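Below is one structure, written out as structure tokens; comments come after it.
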Protein chains: 2
Amino acid sequence: MNKKKNENTLFDVAELFKNFSDSTRIRILYCLIENERSVSEIASLLNMNQSAISHQLRLLKNSKLVKNRRDGKTIYYSLDDDHVYNIIYQGIEHINER
Amino acid sequence: MNKKKNENTLFDVAELFKNFSDSTRIRILYCLIENERSVSEIASLLNMNQSAISHQLRLLKNSKLVKNRRDGKTIYYSLDDDHVYNIIYQGIEHINER
DNA sequence: TGAATATATGAACATCTTTTCATATGTATT
DNA sequence: AATACATATGAAAAGATGTTCATATATTCA
């Protein structure tokens, strides 16, 4: 049934956009566009505490928008999805065109 | 200061994506892509009560994503933003490509 | 092994969001 | 004017979310 399929897709799309709907998460994603970064680096860039960042990184990881790698004690996060940049960029375009 | 400007923009972008991050709202927007629709029509399409739909329409209107017109007792809502379709479409693409 | 550092996690708290219910407002019809 | 219908709105209830705090886990280095 096609209507049902649409409904399910839209539900998933809402879940996807949830990742971009919080300023902490979108700022995390934004600061990963150019480089991978460690948790503490992100925390200091956003001027927030490490635990808050870790919690948000977990959500982003569950949504498969970021991935990580360990190097010694440090864990580096980076984008894991080609669409992230486009989605954010489209949002920025929208805001700038107002 | 450019960093500050970025931060503010990203905050606004998060606000924008909030509209698309709830399944009720994204389904409302989606069902307005083809046609304008009355509040009760939307409510019955989504199988939700009229008040819930009205409350969500108010949020979408405040964000300038929908507009409305009155015809007698009926109020018709329609999209008020060219980007809405593109944003939803990009989300759907992302989901379908997983 | 023990101390130091980086990150993750669970629980608690505060805040925000969504829905429902009751009712108000606006319009048309008799 | 009274009634019926469509929508909006405020308040309350229920649920979801984000942050902090304390602490656990993993790794390195002395």
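Letters A, B, ... are given to chains in the order of the sequence lines, protein chains preceding strands, and every chain is numbered from 1. Keep in mind the model is a prediction, meaning the values are calculated, not measured.
Nearest nucleotide to the B:Lys73 side chain, out of D:dT7, C:dA6, C:dA28: C:dA28. Side-chain atoms of B:Val39 lie closest to D:dA8 of the nucleotides D:dA8, D:dT20, C:dA28.
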Worksheet item: Under the side chain to side chain donor-acceptor pair (under 3.5 Å) criterion, do B:His83 and A:Glu93 qualify, and how do the steps go?
Response: CA-CA 10 Å; B:His83 297 137; A:Glu93 285 284 286; over 6 Å; no
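Within 4.0 Å of A:Ser54, counting heavy atoms only, lies at least one base atom of the nucleic acid.
In the hydrophobic cluster analysis, where Ile, Leu, Val, Met, Phe, Trp and Tyr join through side-chain heavy atoms closer than 4.5 angstrom, B:Phe11 is grouped apart from A:Ile33. Side-chain heavy atoms closer than 4.5 Å link hydrophobic residues (I, L, V, M, F, W, Y) into clusters, and following such links, even through other members, never connects B:Leu79 to B:Leu59.
Per the geometry, CG belonging to B:Asn62 stands 13 Å off P belonging to C:dT18, to the nearest Å. The distance from atom CG of B:Asn49 to atom P of C:dT23 is 16 Å, rounded to the nearest whole Å. Between the C1' atom of C:dT5 and the CD atom of A:Glu41 lies a distance of 16 Å, rounded to the nearest Å. Going from atom NZ of B:Lys18 over to atom P of D:dT17 covers 12 Å, rounded to whole Å. Per the geometry, CD belonging to B:Gln50 stands 15 Å off P belonging to C:dA24, to the nearest Å. Between B:Ile28 atom CD1 and C:dT19 atom C1' the separation is 12 Å, expressed in whole Å. When the P atom of D:dC5 is taken as reference, atom CD1 of B:Ile75 falls 18 Å away, rounded to whole Å. When the P atom of C:dA11 is taken as reference, atom CZ of A:Arg58 falls 12 Å away, rounded to whole Å.
Remark: A:Thr24 is in phosphate contact with D:dT19, judged by side-chain N or O atoms under 4.0 Å from OP1 or OP2. Contact between the side-chain N/O atoms of A:Ser40 and the OP1/OP2 oxygens of C:dT7 is found at a separation under 4.0 Å. The side chain of A:Tyr77 places no N or O atom within less than 4.0 Å of a non-bridging phosphate oxygen (OP1 or OP2) of C:dA6.
Here the rule is side-chain contact (heavy atoms from CB on, under 4.5 Å) with B:Leu60, and of B:Val66, B:Leu32, B:Asp81, B:Asn68 only B:Val66 fits it.
Ranked by how close their nearest DNA chain D nucleotide is to the 5' end, A:Asp71 and B:Asn68 are led by B:Asn68. Nearest-nucleotide positions on DNA chain D place A:Arg25 closer to the 5' end than the other of A:Arg25 and A:Arg70.
For C:dT19, its base never sits under 3.5 Å from the side chain of B:Ser51 at any donor and acceptor pair. Contact annotation: side chain of B:His55 to base of D:dT7, donor-acceptor pair absent below 3.5 Å.
Scanning all heavy atoms of the two residues, the minimum distance from A:Cys31 to A:Arg37 falls at O-NE, 2.8 Å.
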